[in-house]
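To start, the structure itself, in structure tokens.
Residues: numbered from 1 along the sequence shown. None of the values given here were measured: they were computed from a predicted structure.
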Amino acid sequence: MNKIAADHLTRRAYVYIRQSTLDQVQNNRESQRRQYALADRARELGWQDVEVIDDDLGRSGSGVKRPGFERLLGGLCDGRVGAVFCVEASRLARNGRDWHTLLEFCSVVGALLIDAEGVYDPRDPNDRLLLGMKGRISEMELANFRARAQAALAQKAKRGELIQRVAVGYVRTEERLEKTPDVRVREALDLVFRKFNEFGSARRLYFWLSTENIQLPTVTDGTGRIVRWQTPRYHSLLSLLQNPVYAGAYAYGRTRTRVHLAHGRKQVSRTKHRAPADWRVLITDHHEGYIGWDEYQRIQTLIAHNAVSRGDAVRGAVRSGHALLVGLLRCGHCGRKLHVEYPSQGRIRYACMSSRLDPNGVCCVRTNGRQTDALVGEELLRCLAPLGIEAAVGALQTQRSTEDDRIKQKSLAIEQARYEVARAQRQYDAVDATNRLVAAELERRWNAALRAQADLEEELAALRKERPACLSEEQRRTLLGLGADLRRLWEHPQGQPEWKKRIVRTVITEIVVSTDGAEVQLLLHWRGGDHTRLRFEKVRRGQHRFATDTGTVELVRGLARLQPDAMIASVLNRIGRRTAHGERWSARSICSLRHRHAIDVFVLGEWRSRAEITLDEAAAMLKVNATTVMKWIRAGRLPAAQLCPHAPWVLRQSDVENFNAIPVQAASSQGANAEQLALTIQ
């Protein structure tokens with residue numbers, strides 16, 4: 001006691017209190033009372049100004065950030081602390097760095113360390129040696145505790161008995177996992193995995209669940225028996241799909257802990273994305289699963305390939321766009337993934353990324369996307385043709401199950417809501433009606449359950465009303481006919497590009513593209529392990545699918561000798577001819593076509609150089625109207641020519657002059673009868 005001087009008593013006494021976990025804070029109350037009692041001991045020793053620091057309750061002392069300990073060190077640096085009280089050295093620190101920092105600060109300012117066993121002066125060599133040994137013992141004690149605990153956990157995990165938290169859809173019974181008896185929970189989890197196989201993307205599945213207002217279960221405790229239903233969140237849905245427990249497997253050590261220093265403090269970070277081969281314990285067929293282990297691995301591979309941020313290492317997710325082979329093509333020269341380009345509307349091009357990464361480099365591979373897709377599509381149809389009928393039957397079954405998914409989930413939710421209503425009614429009936437403090441709250445809960453049930457019933461009625469009718473016999477025959485003719489189904493105008501891409505990715509793992517001069521070579525790696533090599537010639541300059549057909553060019557060549565460009569465009573549009581891009585003709589497009597095919601422009605007066613006249617000019621020479629001339633032409637009496645419907649009629653001037661020499665009566669009596677009498681009107 002003679003170590004306590006008057007200088008120490010004039011300063012403040014700090015009582016430091018700490019417990020490592022929240023469980024100790026809540027349950028180990030005797031330790032708290034013992035530590036708080038140090039404040040009374042400080043007053044008994046003569047300190048009047050006593051401050052209790054309990055900011056670190058529920059925090060470990062193994063080097064993590066502790067605001068209470070930082071406050072203690074700050075008070076020591078200010079020189080206003082005369083003594084630091086604690087039950088034992090392990091309460092102040094569990095590592096040598098913090099312990100020796102505290103000793104050094106106390107030694108500099110002359111503060112004492114007081115625990116349940118005695119008073120220590122850090123400036124005294126003997127006390128300093130004893131305090132150093134206490135800190136070392138505390139550090140070793142923590143290391144031994146941790147090593148024994150980790151060894152016990154690892155030993156239990158190797159047997160598959162370490163179940164720290166039960167996933168939703170399971171319950172723990174005698175250290176075993178079993179499927180929950182709740183039918184609604186099991187059906188909801190089956191729906192998640194079934195719909196993921198249909199959509200092929202966790203993001204699309206999340207949007208579908210949110211749009212259809214389908215709730216998923218979540219656990220609120222470690223046993224899995226208390227379930228709460230809520231609108232799914234994307235990260236919780238992704239975690240559900242990545243959890244191996246639903247594949248009937250027991251996994252331990254999926255995360256990897258990495259310790260590093262940041263701002264002078266130890267920081268612990270965990271990495272979740274580890275391959276199953278790196279897990280510390282993996283026991284397949286440990287319990288009954290919702291999916292098989294092979295299905296789980298397929299789902300993980302698909303999720304990994306949907307991560308676009310991984311670059312060329314993955315295929316990428318199926319997106320909109322007409323390019324069929326996005327994510328499957330890889331350069332056979334440099335190994336990089338080929339990316340799709342859309343230079344203009346309707347055009348597709350696959351190109352290696354080497355030219356983008358190296359501005360001075362040359363692109364290894366650049367190929368026509370339409371031609372590549374068509375060639376691979378032909379090979380795919382040839383291989384899948386025998387499976388068309390089976391796919392059609394599977395489509396019929398999928399159509400039925402898809403219609404029932406939403407209705408089934410709503411029906412189960414209504415059944416759960418009816419139970420909640422009955423339960424609330426029983427609680428209300430069991431209470432004394434005159435006790436309004438309780439009865440009013442139970443009545444409110446009953447009404448809320450009734451409103452929830454009514455809302456669900458309205459949603460179910462709306463779903464049943466929107467439910468499409470069953471396929472008719474004619475529709476069934478049409479679908480089976482499409483299955484027999486897979487090409488017609490593949491080229492159907494209502495077919496979505498996303499469906500075709502998923503079919504291609506189902507059977508093909510990768511396509512290696514290489515070029516050899518004017519030839520492009522494709523090496524198809526099928527999922528079954530077979531390989532197919534395809535070749536096609538590159539499209540030469542000027543040869544593309546947007547070239548105007550020969551018939552239209554020849555028609556324009558003939559019309560250009562008869563009328564100007566605007567009139568030619570009008571004729572082509574009226575007869576249904578379109579440009580190579582499917583657009584209507586204009587004077588500008590006709591002019592461009594003439595220049596490409598060396599067709600001379602129409603010159604006013606060139607009809608006369610060819611001794612040809614128009615229909616109106618022939619009518620003027622014959623002194624009749626144009627309608628009469630047309631009757632003579634159709635009757636075959638007056639020779640004329642027309643390149644196409646709605647084109648101008650061309651008559652030769654000599655033919656019109658010869659026709660004009662025929663008497664008008666003979667020419668005009670087209671169907672005259674020789675025996676018919678003429679009627680003369682005066």
Practice problem: Taking the side chain as every heavy atom from C-beta outward, state whether Pro122 and Phe105 have any atom pair closer than 4.5 Å. | Solution: no
Quiz item: According to the ring pair (Phe, Tyr, Trp, His ring centres under 6.0 Å) rule, which pairs have a member within residues 18-49, sequence neighbours left out?
Solution: Trp47-Phe85
Practice problem: Mark yes or no for whether Tyr234, through its side chain, and Ala202, through its backbone, hold a donor-acceptor pair below 3.5 Å. | Solution: no
Quiz prompt | Gln24 and Ser31: CA distance, side-chain angles, deciding distance, side chain to side chain contact (heavy atoms under 4.5 Å, CB included) verdict | solution = CA-CA 9 Å; Gln24 293 179 0; Ser31 176; over 6 Å; no
Quiz item: So, do Tyr296 and Tyr290 have ring centers that fall under 6.0 Å from each other?
Solution: no
Self-check item: Contact check, side chains of Leu72 and Val84, non-hydrogen atoms, under 4.5 Å
Solution: yes
Exercise. To the nearest 0.5 angstrom, please state how far the NZ atom of Lys156 sits from the OH atom of Tyr252.
Key: 11.5 Å
Practice problem: State whether the number of non-hydrogen atoms from other residues, nucleotides or ligands found under 6.0 Å of Arg43 atom CZ is greater than 12. | Solution: yes
Practice problem: Can you see which heavy atom on Gly135 is nearest to which on Trp99, and at what distance? | Solution: CA-NE1, 3.4 Å
Quiz item: Got a sec: does the CD of Gln230 have more than 12 other heavy atoms crowding it under 6.0 Å?
Solution: yes
Practice problem: Find the distance between CG (Leu237) and CG (Leu216) and round it off to the nearest 0.5 Å. | Solution: 6.5 Å
Quiz item: Would you call Asp98 and Leu92 a side-chain contact if the rule is heavy atoms closer than 4.5 Å?
Solution: no
Quiz prompt | Glu51 bridged to Arg71 by N-O distance under 4.0 Å | solution = yes
Self-check item: Residue of the set Asp278, Asn243, Leu282 for which side-chain contact (heavy atoms from CB on, under 4.5 Å) holds with Arg254
Solution: Asn243
Quiz item: So Val171 and Val166, side chain to side chain contact (heavy atoms under 4.5 Å, CB included) or not? Walk me through it.
Solution: CA-CA 7 Å; Val171 292; Val166 180; 5.6 Å; no
Self-check item: Side-chain (Asp56) to main-chain (Phe69) donor-acceptor, under 3.5 angstrom
Solution: yes
Quiz item: Quick one: are Leu57 and Gln19 in side-chain contact, heavy atoms under 4.5 Å?
Solution: yes
Quiz item: Are any of the side-chain heavy atoms of Val192 and Phe196 separated by less than 4.5 Å?
Solution: no
Quiz prompt | Where Ile299 and Phe193 come nearest, the two heavy atoms and their spacing | solution = CD1-CD2, 4.0 Å
Quiz item: Quick one: are Lys3 and Asp127 in side-chain contact, heavy atoms under 4.5 Å?
Solution: yes
Quiz item: Hey, mind stepping through Asn28 and Gln32 against side chain to side chain contact (heavy atoms under 4.5 Å, CB included) and telling me if it holds?
Solution: CA-CA 7 Å; Asn28 196 357; Gln32 286 187 36; over 6 Å; no
Quiz item: When the ring planes of Tyr170 and Tyr246 are compared, do they come out parallel, tilted or perpendicular, using 30° and 60° as the limits?
Solution: tilted
Exercise. Please lay out, stage by stage, how Arg18 and Ser20 fare under the test side-chain hydrogen bond (donor to acceptor under 3.5 Å, both in side chains).
Key: CA-CA 7 Å; Arg18 184 185 66 81; Ser20 299; 3.2 Å; yes
Practice problem: Could you tell me the separation between the CG atom of Asp121 and the SG atom of Cys106, rounded to the nearest 0.5 Å? | Solution: 9.5 Å
Practice problem: Count the heavy atoms of every other residue, nucleotide or ligand shown that sit under 6.0 Å from CZ of Arg233, and state whether that count exceeds 12. | Solution: no
Quiz prompt | Electrostatic pair Glu88-Arg91, nearest N-O below 4.0 angstrom | solution = yes
Quiz item: Does the distance from a Lys or Arg side-chain N to an Asp or Glu carboxylate O, for Asp294 and Arg298, drop under 4.0 Å?
Solution: no
Quiz prompt | Residues, nucleotides or ligands: over 12 heavy atoms within 6.0 Å of Asn213 CG | solution = yes
List the atom pairs, with distances to 0.1 Å, where a side-chain N or O of residues 414-430 and a protein N or O form a donor-acceptor pair under 3.5 Å, not counting sequence neighbours.
unit_1, atom_1, unit_2, atom_2, d
Gln416, NE2, Glu420, OE2, 3.3

Quiz item: Can you check whether Pro67's main-chain N or O pairs, donor with acceptor, with Asp55's side chain at less than 3.5 Å?
Solution: no
Which donor-acceptor pairs under 3.5 Å do the side chains of residues 108-120 make with protein atoms, sequence neighbours left out?
unit_1, atom_1, unit_2, atom_2, d
Asp115, OD1, Glu117, N, 2.9
Asp115, OD1, Gly118, N, 3.0
Glu117, OE1, Lys134, NZ, 3.1

Self-check item: Nearest heavy-atom neighbours spanning Arg12 and Asp49
Solution: NE-OD2, 3.0 Å
Quiz prompt | Side chain proximity check, Val245 to His287, heavy atoms < 4.5 angstrom | solution = yes
Quiz item: Going by heavy atoms in the side chains, are Arg444 and Glu441 under 4.5 Å from each other?
Solution: yes
Self-check item: From CA spacing to verdict: side chain to side chain contact (heavy atoms under 4.5 Å, CB included), Leu38, Tyr16
Solution: CA-CA 9 Å; Leu38 291 175; Tyr16 183 77; over 6 Å; no
Self-check item: Closest non-hydrogen atom pair, Ala249 against Trp293
Solution: CB-CZ3, 3.7 Å
